[in-house]
Number of protein chains: 2
Amino acid sequence: MTSEAPRRRLAPEVRRLQVLDAAVAVFSEEGFHGASMDAVAVRAGVSKPLVYVHGGSKDELFAACLHREADRLLRSVQSAAGAPDEEPPARLRRALRAFFHALTTRRQGWTVLWRQASTGPFAGEVDALRRRIVEQAADLMAGGLGVPRTRVLPYAHTLVGAAEGLAHWWLTDPEAAATTGPGDPADVLADMLVAVVGPGLATIAPSGAVSDER
Amino acid sequence: MTSEAPRRRLAPEVRRLQVLDAAVAVFSEEGFHGASMDAVAVRAGVSKPLVYVHGGSKDELFAACLHREADRLLRSVQSAAGAPDEEPPARLRRALRAFFHALTTRRQGWTVLWRQASTGPFAGEVDALRRRIVEQAADLMAGGLGVPRTRVLPYAHTLVGAAEGLAHWWLTDPEAAATTGPGDPADVLADMLVAVVGPGLATIAPSGAVSDER
DNA sequence: GGGTTACTTTACGCATCGGTAGATAAGGTG
DNA sequence: CACCTTATCTACCGATGCGTAAAGTAACCC
């Protein structure tokens, strides 16, 4: 059994991180409503009042989790996309790799963002985050195709949805790991997605309607 | 104030439908946890005990909503796909049309299924429903490409995710209606999706190492 | 050692909400 | 009209969980 925690005094910033990490873990497992502040306290190894000292109310704590994980995900994708003067297809592929890599390495954060918060008072915030990712995808696509952003917006939503669906399969289906084989799963998943949507996206004409032959 | 409802006696089946409809409406707006049984009762125009008489416990009521809406959606998509001896691409397109059509005409049901139930004790059931739709898509794709189902499963998840993303955009973005223009939105959305994923899916079969297994 | 303060323990207020018991009346039947 | 069945309502209980108050304890710094 683990030894009795000898009640260490820590700097407020360190404790704050502990509480936040515990909150992300508990929220990802139990969901917002299912998670109790007591559970967060136990997970963090502290008492309940401390959670309130460092994390604020339950809503504030959850919002903090949301923002931290969202910023992390967005930043990694953004930096992976690289400078705007590079080749758009390569940028898109790298961004997708970063996206899938973030999911596989930080599952809890993704779970909090995508599966636990779609309802309640945080639906708006989660949607805003999703929108930021979609905007990023739309920028990449618009730059690559030479098309105004309004035109590619629905396709950007489609692309992000496709990524979510593929990610969900990879994270939940036990046979998924066997299917992707060896190597970095993020690479395999990104290649899969590019194989599906790449050819179609390339056919979206700059000037006219979508090529739509049967 | 509105006229006091003079406490009409109704047949149990009629009341049961009233309660179920109210439950779908409230659950779609507030989510499972956010919805209270009192709210369902008010929406149905009855008192709370009646909700328990006709709907059972909150869990049972929610499960009933889930199953009814899921069956409706699955049945409409399945019947739209048509007989297995027809052309696979046309079947896929028709199935997608039926899918989008169901969303636009029965928004509340879709909301309950897709956005409110991803957490809590119903995550398993919602995932099972999603899986049934994915399986259906996988069957269509496997039939069209002449490939074992295990190989197309990730692509089926991708396709369904893409449809969800596009649907979410259409249902939430105020500018979406203007973008799709006149005509049945379901047709436009299905065509958009086929334009994005169609070419890519067609190239799946030859690239894989499929022929290795007997 | 002494002081500061991070931290714990314990207990409780309070609101919300699922669920139920007993009373009430609506409608059919003789 | 008397009366019985039962659909329906008003009022309530109990549990859960957020959030906090009060008082004591011990770790780090000088």
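Numbered from 1 within each chain, the chains take letters A, B, ... in sequence-line order.
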What is the distance from [atom1] of [X] to [atom2] of [N], rounded to the nearest Å?
{"X": "A:Leu50", "N": "D:dT25", "atom1": "CG", "atom2": "C1'", "value": "14 Å"}
{"X": "A:Tyr52", "N": "D:dG17", "atom1": "OH", "atom2": "P", "value": "12 Å"}
{"X": "B:Lys58", "N": "C:dG19", "atom1": "NZ", "atom2": "P", "value": "8 Å"}

> Which residues pass the salt bridge (charged side-chain N to carboxylate O under 4.0 Å, His left out) test with A:Arg131, sequence neighbours left out?
Replying inline: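 Expected list: A:Glu135, B:Asp173.
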Where do [X] and [Y] come nearest, in terms of heavy atoms and distance?
{"X": "A:Asp21", "Y": "A:Arg68", "value": "OD1-NH2, 2.7 Å"}
{"X": "A:Trp170", "Y": "A:Ala176", "value": "CZ3-O, 3.5 Å"}
{"X": "B:Val40", "Y": "B:Val19", "value": "CG1-O, 4.3 Å"}

> CG of A:Leu73 to CH2 of A:Trp110: how many Å apart, nearest 0.5 Å?
Replying inline: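 Here the rounded value is 10.5 Å.
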> Hey, what do you get for CG (B:Leu201) to OH (B:Tyr155), rounding to the nearest 0.5 Å?
Replying inline: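 Rounded to the nearest 0.5 Å, the CG-OH separation comes to 9.0 Å.
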>> Using a strict threshold of under 4.0 Å (side-chain N to carboxylate O), is an ion pair present between A:Asp184 and A:Arg97?
In response: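 Salt bridge between A:Arg97 and A:Asp184, a charged N being under 4.0 Å from a carboxylate O: no.
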>> Any carboxylate oxygen within less than 4.0 angstrom of a Lys/Arg side-chain nitrogen, looking at B:Arg43 and B:Glu29?
In response: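 Yes.
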> Has B:Arg16 got more than 12 heavy atoms of other residues, nucleotides or ligands less than 6.0 Å from its CZ?
Replying inline: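 No, not enclosed.
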>> If you take any heavy atom closer than 4.0 Å to DNA chain C, which residues from residues 20-41 of chain A end up in contact?
In response: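 Listed by number, there are none.
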Distance-only donor-acceptor pairs under 3.5 Å for side chains of residues 49-58 of chain A, two or more places apart:
residue: A:His54; atom: ND1; partner: A:Leu50; partner atom: O; Å: 3.4
residue: A:Ser57; atom: OG; partner: A:Glu60; partner atom: N; Å: 3.3
residue: A:Lys58; atom: NZ; partner: A:Phe32; partner atom: O; Å: 3.0
residue: A:Lys58; atom: NZ; partner: A:Ala35; partner atom: O; Å: 2.8

> Checking side chain to side chain donor-acceptor pair (under 3.5 Å) for the pair B:Gln78/B:Arg75: CA distance, chi angles, key distance, verdict?
Replying inline: CA-CA 5 Å; B:Gln78 204 152 16; B:Arg75 238 197 302 274; over 6 Å; no
>> Expected output is a numbered-order residue list: members of residues 10-18 of chain B with a heavy atom under 4.0 Å from any atom of DNA chain D. What is it?
In response: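 Residues of residues 10-18 of chain B that come under 4.0 Å of DNA chain D are, in numerical order, B:Leu10, B:Arg15.
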Mind listing the N/O atom pairs, protein and nucleotides 9-12 of chain C, below 3.5 Å?
none

> Looking for any heavy atom pair under 4.0 Å, which part of the strands does A:Val46 touch: base, sugar-phosphate only, or nothing?
Replying inline: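 Sugar-phosphate contact only - A:Val46 comes under 4.0 Å of backbone atoms but never of a base.
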Return the polar atom pairs (N/O with N/O) between nucleotides 26-30 of chain C and the protein under 3.5 Å, or none.
residue: C:dA26; atom: N3; partner: B:Arg9; partner atom: NH1; Å: 2.7
residue: C:dG27; atom: OP1; partner: B:Arg8; partner atom: NH1; Å: 3.1

>> Checking side-chain polar atoms at under 3.5 Å, does B:Glu164 have a donor or acceptor matched by the opposite partner on B:Trp114?
In response: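 Indeed, the side chains of B:Glu164 and B:Trp114 share at least one donor-acceptor pair under 3.5 Å.
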> In terms of side-chain heavy atoms of A:His54, which of D:dG19, C:dT20, C:dC7 is nearest?
Replying inline: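 Per side-chain heavy atoms of A:His54, the pick is C:dC7.
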> B:Leu113 pairs by side-chain contact (heavy atoms from CB on, under 4.5 Å) with which of B:Leu129, B:Val126, B:Leu103, B:Ile133?
Replying inline: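 One option only clears the test, and that one is B:Leu129.
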